[in-house]
Novice: 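Once you've had a glance at the structure underneath, I'll fire off some questions.
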Amino acid sequence: EGPVSIRVPSFARSVWFEVADPEQRDALIWTVDGEGKTRGATRLVDQPDTGVPVGGAAELWFWPARPGAFRAAFHRNL
């Protein structure tokens, strides 16, 4: 299987991923710009406490280690 594509909302400053299966620790989060170029990759277990920065990203690719439920919570600055 390949990565799941997630569009980054214009208000987003960072994103935090959660998974239902704790064995998903090796899942990858890729930050992709508007030209489709990968600009960064973060392992799920290495997410910063404040989330993965997404400034300027057009989409994220979430590549789970195995199929399972997950969610992405976007954060914004007020």
Side-chain angles (χ1 to χ4, degrees):
E1 289 194 39
V4 177
S5 176
I6 301 167
R7 188 182 67 78
V8 175
S10 60
F11 67 78
R13 299 293 174 251
S14 64
V15 63
W16 180 262
F17 278 86
E18 295 179 347
V19 293
D21 179 1
E23 296 299 316
Q24 289 278 26
R25 299 178 319 164
D26 292 329
L28 292 173
I29 304 159
W30 294 350
T31 306
V32 182
D33 69 13
E35 297 177 0
K37 295 180 182 176
T38 303
R39 296 298 180 177
T42 305
R43 284 182 0 138
L44 183 70
V45 296
D46 295 331
Q47 294 181 88
D49 292 340
T50 57
V52 176
V54 295
E59 66 180 316
L60 301 170
W61 294 343
F62 181 69
W63 198 316
R66 63 182 56 83
F70 72 90
R71 73 175 179 173
F74 290 96
H75 309 125
R76 65 179 177 174
N77 294 337
L78 296 177

Novice: If you link I, L, V, M, F, W and Y whenever their side-chain heavy atoms are under 4.5 Å apart, who else ends up in the same group as F11?
Specialist: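 Its cluster partners, ordered by chain and number, are V4, I6, V8, V15, F17, V19, I29, L44, V52, V54, L60, F62, F70, F74.
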Novice: Grab the two heavy atoms, one from P64 and one from A27, that are nearest each other, plus how far apart they are.
Specialist: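 Nearest pair, atom of P64 first, then A27: CA-CB, 3.8 Å.
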Novice: To check you understand the geometry: which heavy-atom pair defines the closest contact between S14 and G51, and what is its length?
Specialist: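 Smallest interatomic distance, heavy atoms only, reads CB-C, 4.1 Å.
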Novice: Mind jotting down which residue pairs meet the side chain to side chain donor-acceptor pair (under 3.5 Å) criterion with at least one end in residues 20-31? Sequence neighbours excluded, please.
Specialist: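 For residues 20-31, and leaving out neighbouring residues, the side chain to side chain donor-acceptor pair (under 3.5 Å) pairs sorted by first residue read D26-R43.
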Novice: Check salt bridge (charged side-chain N to carboxylate O under 4.0 Å, His left out) between R71 and all other residues, then give those that pass, not counting sequence neighbours.
Specialist: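 Applying salt bridge (charged side-chain N to carboxylate O under 4.0 Å, His left out) to R71 gives E18.
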